[in-house]
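To start, the structure under review is shown below, and the notes come after it.
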Amino acid sequence: MTREEIKNNGDDMMIDDPKPKIENEFNVHYLRIYYGNLFPYSDIYKWLSYGHDGKHPGCDEYYFGRREFSFTLENDVYLRYKSFKNASAMEAAIKSNFPYKIDIGAVYSVDPDKRHAYAHSGTNLFTPVERELVFDIDITDYDDVRYCCSGADVCSKCWPLMTVAIKVIDTSLREDFGFKHILWVFSGRRGVHCWVCDAKARRLTNEQRSAVAEYFRVYKGNENNAKKVDLMGHSLHPFLARSYVDFLKNFFEGELQATQSIFSSKEKYEKILGMITDEDIQADLRGRWENSSRSSLSEEATSLLRWEQLKKTLQSKRNKALSLRTCIEEIVFTFTYPRIDLEVSKQMNHLLKAPFCVHPKTGRVCVPIDPNNCDEFDPLAVPTLSQLIEEINSGGVSMDVDDDSDRSLLGKSIKFFRSSFLEPLLKSCKEEIESSYKTKIEKSKDTFNW
Amino acid sequence: MEVIRSQKRTVSNDIVSTPTLPLYLTAPPMEVRLEEFELFAIDRLRVLKGVSDGLARGRNPNEMDDLVDTLWKEHMRLPDVSEMINKDIISHFVLRLVYCRSDELKKWFLSMETALFRHRFRIKKIEEQRTIVGEFGLPYKAVIGAELESLKERLGLVARSLGQISSDVENIYYKVPFEEVPDLVAGRRVLLQKGYAFVAGSQLVSLVVTQFRSHLSKALILTNRKWTTTIREREKDRLTPIVEALSTSYLGPDYTQSSEYADISLKDIDQVSKSSFPLCMRHLFEKLREDHHLKHGGRMQLGLFLKGVGLKLDDALAFWREEFTKKVGSERFDKEYAYAIRHNYGKEGKRTDYTPYACSKIITSAPGVGDHHGCPYRHFSEDNLKAALNRMGLSSRGMEDVMDKVRNKHYQLACTLTFEAVYGTSCDTGINHPNQYFEESQKILKSKTPAAPV
């Protein structure tokens with residue numbers, strides 16, 4: 001979907017100038033209608049039940065009830081440790097509170113709502129026992145390498161940084177870590193969230209989560225050091241090598257140069273020269289570029305030309321010092337490698353916004369993103385609350401979300417959520433419940449022997 | 001394991017066949033003399049504290065190997081090998097009891113024992129390492145044939161990315177679920193494929209340590225259960241007091257008697273509090289002067305410190321009276337508070353001469369609402385701590401170093417760095433006790449100013 005296809009006129013202004021338009025995109029009245037008619041309660045319930053809502057004797061019927069939810073209400077009232085017995089209890093609570101934001105937390109050892117009842121027993125019974133492995137990537141962390149927007153703003157020029165991040169992380173989660181049930185969600189404004197839902201991922205300890213997070217860490221942000229990525233070693237680890245060859249290099253030389261022209265001005269290229277540890281090379285390139293500033297080439301062409309010059313110079317001098325060998329890669333990684341907020345991934349009890357929430361500042365719905373077609377995802381084309389309400393008002397769409405027609409604005413996203421994520425997930429959950437039940441039966445047979 | 005009072009001990013002969021690095025999988029059936037119960041534990045505790053200190057100071061793995069070797073020889077070595085193994089095992093199981101009793105204690109013990117095991121393992125010969133691995137019965141298969149061939153290129157990349165110059169691949173690789181070698185994954189020191197890590201023979205230590213850690217972690221939970229359900233009550237007259245004292249036991253001098261440098265009188269106390277008190281005591285002191293009151297935890301922490309510093313009982317009574325009477329009146333002071341002060345000096349009740357609190361006790365205390373005791377590096381918010389350090393005259397650079405230690409939970413090192421920044425000299429021993437801080441500081445100040453006529 002492109003921006004032109006959206007009929008709502010106010011939309012173009014939205015991101016750049018959110019304040020005057022908030023009333024149009026997001027208000028409590030709209031939110032009530034959204035929670036009343038469109039929010040996919042049963043899908044969320046099915047997802048977070050992980051197969052434990054069935055009739056199988058191996059099901060843990062209290063599983064969903066031990067999940068923490070938290071609501072952020074109007075005026076930043078914040079309710080933590082809410083939990084619901086079942087889908088209808090969750091639906092009732094959301095409909096009566098109409099939270100601005102719903103966060104999903106961990107599955108605890110006991111019902112979070114009743115945690116105080118266990119608090120006096122002395123032993124620490126209330127602890128997180130399961131949690132999706134989550135990742136949070138936010139475009140504001142890229143402010144030093146994007147020249148189109150800053151802060152909370154995002155546009156079609158910088159969004160591709162998110163797209164490449166999705167590709168790198170998604171590929172590694174599948175190929176390296178062997179995960180299969182991965183959900184990517186637009187955060188509603190300026191980033192993406194990732195939920196890894198495989199049983200093995202949900203049971204990782206904090207230490208293991210940290211290990212996965214650290215595996216992805218390349219960026220060592222530091223204001224006092226121009227060189228933000230230090231790759232070291234004599235070659236790249238296979239994961240970094242694959243990321244570089246398959247995604248980062250082409251993105252850097254293609255889309256990034258086209259949208260950000262990262263060498264086009266002195267201010268921009270000085271940043272890059274600072275990453276080269278050899279002063280002679282720096283001076284050589286600077287000399288050439290300062291003189292060529294009046295050329296007739298476009299910004300993009302200038303930028304590309306300078307990149308080629310830099311590469312050639314570095315390659316010819318690569319034997320001069322060990323640190324120069326990885327310099328090209330380091331520059332590419334600095335500009336394109338995913339910048340994940342790793343702290344979110346490391347702790348089981350960290351909260352993350354639920355899919356299908358509405359972002360109060362933009363009015364956009366947190367819809368799933370298809371990692372296989374993430375190039376086509378346009379954050380500015382995501383339906384807003386007011387568009388959805390208009391759609392309902394115009395009467396053209398069935399109000400029933402369970403009718404998964406993809407004609408409606410949200411229907412497409414819900415359909416994708418079900419067919420690509422939920423159904424395969426639930427199938428494997430069922431298999432797991434079945435097999436762990438069998439093992440349990442086998443084991444109990446053993447114990448009869450003595 | 002059974003603890004006995006008698007002097008005789010039955011040593012089973014098959015203990016000799018155990019390798020010199022036990023895995024502590026089960027408590028051995030042997031009898032332990034009560035004295036050894038405590039003494040062995042204290043010796044092991046010295047080793048663990050040494051390890052903790054080494055880690056906090058950021059020693060690299062090779063330096064840690066040497067440190068562990070030295071610490072072990074110093075505190076645990078006995079001439080007879082089987083005696084030494086016994087001491088190793090006994091002390092480990094005693095400390096399990098001591099450190100199973102709270103999550104915080106458990107966490108510390110688990111990290112330190114794991115680190116100790118890691119480095120003891122690393123300095124063993126390769127054959128002995130293999131034996132230990134065999135004993136754990138690690139269920140991993142070596143990767144062979146076509147599978148190994150298909151991975152060789154990428155295994156070579158991993159080796160090169162770790163700084164190896166050639167892309168030679170090791171002979172043996174084990175295929176292990178990635179979550180069992182978190183440290184190797186975190187450092188990108190293994191090849192990952194579809195959820196499996198390919199661990200080189202030389203990285204075996206990671207596997208063994210993970211096993212060790214997870215086994216010990218589970219064992220501590222069980223020990224805790226046994227402790228709370230049976231042992232504590234059954235042993236309340238014998239082992240329980242020893243066990244409870246061990247976790248807060250501090251292994252340096254106890255500062256019960258004030259030393260030569262420490263002898264302050266009432267008139268000096270304000271000046272000395274500014275020049276030589278560690279932050280925890282300075283804070284309590286200032287709060288007392290400000291509020292004319294301190295809650296129980298604060299009175300204990302500051303009162304015993306002042307005793308250690310050399311404040312005589314009469315002076316102590318006068319000092320506390322001066323402040324407290326401003327708030328509660330003289331009658332109430334005499335009735336409610338004076339007793340406790342005399343008690344601290346061993347003049348009431350059990351007549352025990354109480355020892356000033358060491359850092360380990362202060363750091364693990366849990367100050368509540370209205371309390372000012374505890375360790376500022378641990379219990380203050382970042383802003384408050386910064387403000388307090390600022391008042392002590394730290395530069396912003398020095399402060400950042402301190403905050404860095406605080407964020408990594410190295411509270412005693414943070415205090416040591418503060419000391420070094422305030423007095424402009426290094427403090428190699430580290431700060432382990434507020435009274436030690438005081439004495440070191442007095443030493444420095446006295447050496448700087450020409451000796452005053454006595």
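By convention in this document, chain letters (A, B, ...) are assigned in the order of the sequence lines, proteins followed by strands, and residues within each chain are numbered from 1. All figures in this text were calculated on a predicted structure; none of them were measured in a lab.
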Task: Rounded distance [0.5 Å steps], CZ in A:Phe177 versus CG in B:Leu192 - done: 5.0 Å

Task: Criterion side-chain contact (heavy atoms from CB on, under 4.5 Å) against B:Pro182, the qualifying member of A:Arg209, A:Glu207, A:Glu214 - done: A:Glu207

Open item on the list: Tell me if the CD atom of B:Glu147 is crowded by more than 12 foreign heavy atoms within 6.0 Å.
Closed with: yes

Open item on the list: With a 6.0 Å cut-off (strictly less than), is the heavy-atom count around NZ of A:Lys311, excluding the residue itself, greater than 12?
Closed with: yes

Open item on the list: With a sphere of 6.0 Å drawn around NZ of A:Lys180, does it hold more than 12 non-hydrogen atoms of other residues, nucleotides or ligands?
Closed with: no

- [ ] For A:Val212 and B:Phe178, work out which heavy atoms get closest and say how close.
- [x] CG2-CE1, 3.7 Å

TODO: Please state whether the side chain, the backbone, both or neither of B:Arg213 comes within less than 4.5 Å of a heavy atom of chain A.
DONE: side chain

- [ ] Check each atom of A:Lys200 against the heavy atoms of chain B and say whether the ones under 4.5 Å are side chain, backbone, both or neither.
- [x] side chain

Open item on the list: For the CG atom of B:Asp183 and the OG atom of A:Ser210, what is their distance to the nearest 0.5 Å?
Closed with: 12.0 Å

- [ ] State whether the side chain of A:His237 and the backbone N or O of B:Val190 hold a donor-acceptor pair below 3.5 Å, judged by distance alone.
- [x] yes

- [ ] Any chance you could lay out the side-chain contact (heavy atoms from CB on, under 4.5 Å) test for B:Gln193 and A:Glu175, step after step, and finish with the verdict?
- [x] CA-CA 6 Å; B:Gln193 183 176 274; A:Glu175 295 301 318; over 6 Å; no

Task: B:Asn62, CG: over 12 other non-hydrogen atoms inside 6.0 angstrom - done: yes

- [ ] Specify the closest pair of heavy atoms between A:Phe216 and B:Arg188, including all atoms of both residues, with the distance to one decimal.
- [x] C-NH1, 4.1 Å

- [ ] Give the minimum heavy-atom separation between B:Arg154 and A:Pro238, together with the two atoms involved.
- [x] O-CG, 3.5 Å

Task: Minimum heavy-atom distance between A:Leu204 and B:Glu179, given as atom pair plus value - done: CD2-CB, 3.9 Å

Task: Heavy-atom closest pair, residues A:Tyr215 and B:Val185 - done: CD1-O, 3.3 Å

TODO: Taking A:Ser235 for its side chain and B:Leu157 for its backbone only, find out whether a donor-acceptor pair lies under 3.5 Å.
DONE: yes

Task: Atom CZ of B:Arg225 with >12 non-hydrogen neighbours under 6.0 angstrom - done: no

Task: Greater than 12 external heavy atoms within 6.0 Å of B:Arg397's CZ - done: no

Open item on the list: Restricting to non-hydrogen atoms, name the atom on B:Ser161 and the atom on A:Leu236 that form the minimum distance, rounded to 0.1 Å.
Closed with: CB-C, 3.9 Å

Task: Crowding at CZ, A:Phe179 (>12 non-hydrogen neighbours, <6.0 Å) - done: yes

Open item on the list: So for A:Leu240, is it side chain, backbone, both, or neither that comes closer than 4.5 Å to the heavy atoms of chain B?
Closed with: side chain

